[in-house]
Amino acid sequence: MVVGKEKPKLIVNGKRVDGRAPEELRPVRMEVGVLKNADGSALVEYGNTKVLAAVYGPREVMPKHVALPDRAVIRCRYRMLSFSAEERKSPAPSRREIELSKVIREALEPAIMSELFPRTAIDIFIEVLNADGGTRTAGVTAASLALADAGIPLRDLVAGVAVGKVDGVLVLDINQIEDMYGEADMPVAAMPSLGRITLLQLNGVLTPDEFRQALALALYGIRKLYDLQKEALRRKYISTAEE
Amino acid sequence: MSVTPEQPVIPKIRLNAILNVMSKGVHTDKRPLHSYRQIEIKTGVVPNAEGSALVKLGNTQVIAGVKLEVGQPYPDTPNEGVLIVNTEFVPAASPTFEPGPPDENAIELARVIDRSLREPRVIDLSKLVIIPGKKVWLVWLDIYVLDHDGNLLDASMLAAMAALATTKIPKYEVNPGTGEVVIDRTTRTTPLPISKFVATVTVNKIGNYLVIDPNQEEESIATARLAISVSEDGTIVGMQKMGMGYFTEDEIVKAIELALQKGPELINTIKASIGMG
């Protein structure tokens, strides 16, 4: 973080610091099957936020005592690469990363049909390559693509996006500056076809009315990301089928 | 790595019995689904701490303490004091808690409380500056769970709020030559500047019911939980979905309504316990 920097104006003439309208996503890129060894993988970019997800499994659980008799254990690690942010991040796991690994696992658990694979493990690794706000939600979006790519049965894809409140305006898909200087940051993830919200956090202050609007805005963004997810999967598997 | 936890073994017949009781609109201890167990808040329980509170929520017990130390401000907020929140689930509190560094549940609980205090500026950190840019008060808020019978987050927030609201800053002198701060902990006079009160209401999804303040057994069959922190000015100051299940949009709207209704009750309970009621 830059010392003594003044809070910039986050909304000018109705536009945001990067020129977007309040309800506009950043340019999104999704690519499925980017790693050779992993059973499933995906790279997701929301603007300058770049996140890689890899899935291994269902596979044998090591150590064995972690295994569950009636379902697969889901193991999830969210991590930021040391050079992914403005300041170098120590490679040791931070409290934030420990919390986010849990929150992301719990965002994916409702989607994975883990009861089909008792006594196995499904491992999800999320590596943040470049952080510019919204890394956990991009991580969820990427992880659910990687799970689909690994052929793991899902109830639905999970997509995530963060809504923020900056200079009093609710905005979709906040970036780092908006997160740092804004009044609220609300990451949301959902299974759109089933209408199930699987991740919801609020870091900041909202009135109940603002919250309802923010949730609606997040779900609108999630729908768009969901369509892009399906497109990314089709791109990979339809071209593979034609070969 | 965050790993799917082992699910507690609850016989199906017991699970059905609990859901059956809840279908009648009450908890297994017969109180309404949207009510809290008896709340007892005792402040000043640890004389050596600058502020402390012991909270009993039914059989759940949580102790929170505040220690103040002189330290350096963060470089990006040179004119503000520093708040640090830690939580520990001590092994005495439950057969399932193990000694060792805080696990993901303890870390999550501490971070949810930290955010719910920080974002609405519950403590006016700008009033905790000793020498601008150089020396400020560090507010160490440490929460220990002593006995686990469910709803640790709501109990912890009650304890945190009561401890902070009764914290007194020790007398100190700054040596004008060296800039050294000498603290006299025997004389504590100035209260910690508290701008507003907040409370956390965790709404549990058990079967198809939205339930408040479950005991440990009821909580163990909740598929998802939504912690909602509310301020006395009627705003939402923090939220966290927990657990392996999901919420529908409709359920979330109902949960918020519940929190906005129950939060002020909790805040009044804290205020009454410290003589502000």
Side-chain angles (χ1 to χ4, degrees), chain A residues 1-5 65-66 68 70-78 93 95-96 98-111 114 121-125 180 183-186 188-191 194-208 210-212 215-216 219, chain B residues 1-7 74-78 85-86 101-112 114-116 118-121 133 198 223-231 233-253 255-257 259-260:
Chain A
M1 205 178 284
V2 181
V3 177
K5 213 175 180 181
H65 68 87
V66 181
L68 297 174
D70 56 342
R71 54 164 292 172
V73 288
I74 316 291
R75 297 189 290 198
C76 175
R77 190 183 72 168
Y78 161 97
R95 286 162 64 87
R96 178 176 173 275
I98 292 170
E99 183 201 341
L100 293 192
S101 296
K102 176 178 187 279
V103 166
I104 292 171
R105 176 178 59 74
E106 290 177 339
L108 297 167
E109 292 261 14
S114 47
I122 297 169
D123 291 330
I124 303 164
F125 301 105
M180 200 189 308
E183 298 100 86
D185 163 29
M186 188 172 98
V188 183
M191 296 190 268
L194 300 173
R196 296 176 180 178
I197 293 156
T198 64
L199 181 154
L200 174 60
Q201 292 179 289
L202 169 64
N203 183 15
V205 179
L206 292 178
T207 66
E210 283 170 341
F211 168 75
R212 277 187 282 273
L215 185 60
L219 293 173
Chain B
M1 292 255 267
S2 176
V3 183
T4 309
E6 203 175 326
Q7 292 305 295
Y74 287 124
D76 54 315
T77 51
V85 184
N86 274 297
D103 69 355
E104 60 178 25
N105 299 304
I107 288 175
E108 181 182 46
L109 195 153
R111 288 177 57 86
V112 170
D114 180 300
R115 293 195 285 263
S116 304
R118 190 179 303 279
E119 292 297 329
R121 304 189 141 266
V198 296
T223 54
R225 297 182 289 142
L226 184 62
I228 304 160
S229 299
V230 295
S231 158
D233 60 17
T235 54
I236 306 165
V237 299
M239 265 198 279
Q240 181 99 343
K241 177 255 171 186
M242 301 171 286
M244 303 204 284
Y246 62 88
F247 285 97
T248 63
E249 199 177 349
D250 202 37
E251 285 165 345
I252 289 173
V253 170
I256 299 267
E257 278 170 20
L260 289 168

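Residue numbering restarts at 1 for every chain, and letters A, B, ... go by the order of the sequence lines.
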Ignoring hydrogens, what is the shortest heavy-atom contact between B:Gly234 and A:Pro208? Give both atom names and the distance. O-CD, 3.5 Å

All heavy atoms of B:Gly245 vs all of A:Pro110, minimum pair found to be O-CG, 3.4 Å

Between [Y] and [X], is there a side-chain heavy-atom distance shorter than 4.5 Å?
{"X": "B:Thr4", "Y": "A:Arg71", "answer": "yes"}
{"X": "A:Ile197", "Y": "B:Lys241", "answer": "no"}
{"X": "B:Ser231", "Y": "A:Val205", "answer": "no"}
{"X": "B:Thr223", "Y": "A:Glu109", "answer": "no"}

Below 4.5 Å from any heavy atom of chain B, which atoms of [X] appear? Answer side chain, backbone, both or neither.
{"X": "A:Glu183", "answer": "backbone"}
{"X": "A:Phe125", "answer": "side chain"}
{"X": "A:Asp123", "answer": "side chain"}

Looking at A:Lys102 and B:Glu104, is there a salt bridge between them, counting it only when a charged N and a carboxylate O are closer than 4.0 Å? no

Any idea which of [options] has the most non-hydrogen atom pairs under 4.5 angstrom with chain B?
{"options": "A:Arg96, A:Met191, A:Met186", "result": "A:Arg96"}
{"options": "A:Thr207, A:Thr198, A:Ile74", "result": "A:Ile74"}
{"options": "A:Leu68, A:Ile104, A:Val103", "result": "A:Leu68"}

Pairwise distance [atom1]([X]) to [atom2]([Y]) - rounded to 0.5 angstrom:
{"X": "B:Glu108", "Y": "A:Leu100", "atom1": "CD", "atom2": "CG", "value": "10.0 Å"}
{"X": "B:Ile252", "Y": "A:Leu200", "atom1": "CD1", "atom2": "CG", "value": "5.0 Å"}
{"X": "B:Ile236", "Y": "A:Leu206", "atom1": "CD1", "atom2": "CG", "value": "6.5 Å"}
{"X": "A:Phe211", "Y": "B:Ile228", "atom1": "CZ", "atom2": "CD1", "value": "7.5 Å"}
{"X": "A:Ile98", "Y": "B:Asn105", "atom1": "CD1", "atom2": "CG", "value": "11.5 Å"}
{"X": "A:Leu199", "Y": "B:Gln240", "atom1": "CG", "atom2": "CD", "value": "8.0 Å"}

Within the side chain of A:Ser101, is there an N or O that forms a donor-acceptor pair under 3.5 Å with the backbone of B:Met1? no

Scan A:Arg105, A:Arg75, A:Arg77, A:Glu99 and name whichever one has a side chain to side chain donor-acceptor pair (under 3.5 Å) with B:Ser2. A:Arg105

Under the criterion side chain to side chain contact (heavy atoms under 4.5 Å, CB included), which of B:Met239, B:Glu119, B:Arg118 is the partner of A:Asn203? B:Glu119

Residue B:Leu226 versus chain A: region with a heavy atom under 4.5 Å: side chain

Please indicate whether A:Arg95 has more than 12 foreign heavy atoms, meaning atoms of other residues, nucleotides or ligands, lying under 6.0 Å from its CZ. yes

